[in-house]
Amino acid sequence: MKNAIETKNLTKIYKNFTAVNSLNLEIPEKSIFGLLGPNGAGKTTTIKMLTCLIQPTSGQATVGGYDVQKNPNEVRNLLGMVPQQVSLYKDLTVQENSELCADYYGVPVDEKYDRIEDLMELVDIKYARNKRVGQLSGGQKQKASLVASLVHRPEILFLDEPTIGLDPTTKRTLWDLIRELNDEGNTIILCSHDMHEVDMLCDNVGIINTGNLVAYDTPQGLKDSLLKEEKEEHEIKMKDTLRDISNENEVNKSTKEDIETLNLKKMSFLLKETNDSIISAIQSNPKVHGVEVAKNGRFNLRIDNFDDDAVNDVLKDIIGAGGVVKSIFTQEPSLEDVFIKATAEVNEDDRA
Ligand SMILES: Nc1ncnc2c1ncn2[C@@H]1O[C@H](COP(=O)(O)OP(=O)(O)OP(=O)(O)O)[C@@H](O)[C@H]1O
């Protein structure tokens, strides 16, 4: 698979402050890539370099095979950009802004009205086409911005916090649109602080912290690696604690309990009906620790966090004993956990 974007040691230094430090990134064609990072990490600076708004201090970047420094015009023709702050003319209407963008990118006159019509239909902003952008709500502005950015059919679309401030329904409409554009073969670069959004939409995620790329994988790959890291940390902690205990020659009850629960994850089932045979079936599973039946009939238990089959095994026990599961909940690492871990160490001094 070809890459839509490649960077090699891409660096931006403002005076003596390193905003982006030697970034090496590969974004496959026709994928949705999520760029994450805390405030001030260097996301917008990276996007600005890739969209030819600012010059890198050193390193290279290619977009659609074109070098951002040597062929900025070719790069600009390939991409569309929805920035954090909507950059349309406030005194012009949605229609006028869209036409202006179409003319700027040289969209043939016999196509431009149809394209604008189709896009307005797609994002549902037709009803406000004759309103001035300055009079629109935040969500309407975002939609107008999308129409203007997509009118020249960019192969690569940059979206900087596209759903910030949108209501949940409009947000989901926009997610559908992003997926649709991707299905049509567009590459999408999404900058967002919304972890759920990134998890739902992106094929790959890069986490940038103090100008450095600190993680790059699929969302699931990142979560799995956190689980693996936790397992390794847990094993080290176990060994240390057991050594301490044997040194002290005394096993404190709460310490023992701490060790036992370190590697357990919470799991909870709501069954249609409960009876003793279901309870004893769950209790007799060696992977289950401490079953508790809550007043609302929900089973709360803990299972081995690192055993891939544990959830399946408990389910089999319940179904085998004639139980009907209405809902199930397990606590897994989220992309937010990965983000917090990957960006925990902040050393702004290193950037100067
Ligand atoms: N023109 C500039 N001159 C000096 N420093 C700058 C300039 N633009 C950005 N920076 C600094 O570079 C760093 C990265 O900024 P950038 O806007 O790329 O962060 P970001 O990851 O997009 O943050 P946010 O999530 O808050 O939008 C910040 O510390 C910022 O202050």
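Indexing begins at 1, ligand by ligand and atom by atom, following the structure's order.
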Item to check | Qualifying ring-ring contact (aromatic ring centres under 6.0 Å, His included) pairs, either residue in residues 158-205, two or more places apart | outcome: W175-H196

Checklist outcome for this item: Taking only non-hydrogen atoms of A41 and a 4.0 Å limit, the atoms of ligand 1 in range are 19 (O), 20 (P), 21 (O)

Checklist entry - Closer than 4.0 angstrom: is that true for some heavy atom of G37 and an atom of ligand 1? => result no

Next on the checklist: What I want to find out is whether E161 reaches K43 closely enough, with some N-O distance under 4.0 Å, to be called a salt bridge.
Outcome noted: no

Next on the checklist: Checking contacts here: is it the side chain or the backbone of P38 that comes within 4.0 Å of ligand 1, counting heavy atoms only? Could be both or neither.
Outcome noted: backbone

Item to check | Quiz item: cation-pi between K12 and Y14, 6.0 Å / 45° | outcome: yes

Checklist entry - Any idea which atoms of ligand 1 are less than 4.0 Å away from a heavy-atom of A19? => result 12 (O)

Next on the checklist: Quick check: K43 and ligand 1, any N/O pair under 3.5 Å apart?
Outcome noted: yes

Checklist outcome for this item: Within 4.0 Å of some non-hydrogen atom of T45, the atoms of ligand 1 are 14 (C), 15 (O), 16 (P), 18 (O)

Checklist entry - Under 3.5 Å, is there a donor-acceptor pair between the side chain of N275 and the main chain of I278? => result yes

Next on the checklist: Which of the numbered atoms in ligand 1 are under 4.0 angstrom from any heavy atom belonging to N39?
Outcome noted: 23 (O), 24 (P), 25 (O), 26 (O)

Checklist entry - For ligand 1, is H193 a contact, meaning one of its heavy atoms is under 4.0 Å away? => result yes

Item to check | Audit row: D313, K287, salt bridge (charged side-chain N to carboxylate O under 4.0 Å, His left out) steps and yes/no | outcome: CA-CA 8 Å; D313 287 355; K287 291 172 186 173; 2.6 Å; yes

Item to check | Numbered atoms and elements of ligand 1 in range of F17, under 4.0 angstrom, heavy atoms | outcome: 11 (C), 12 (O), 13 (C), 29 (O)

Checklist entry - Does the pair D199 and K223 meet the rule for a salt bridge (charged side-chain N to carboxylate O under 4.0 Å, His left out), with working shown? => result CA-CA 10 Å; D199 206 359; K223 289 184 264 183; 2.9 Å; yes

Checklist entry - Is a side-chain N or O of Y89 found less than 3.5 angstrom from the main chain of E96, in a donor-acceptor match? => result no

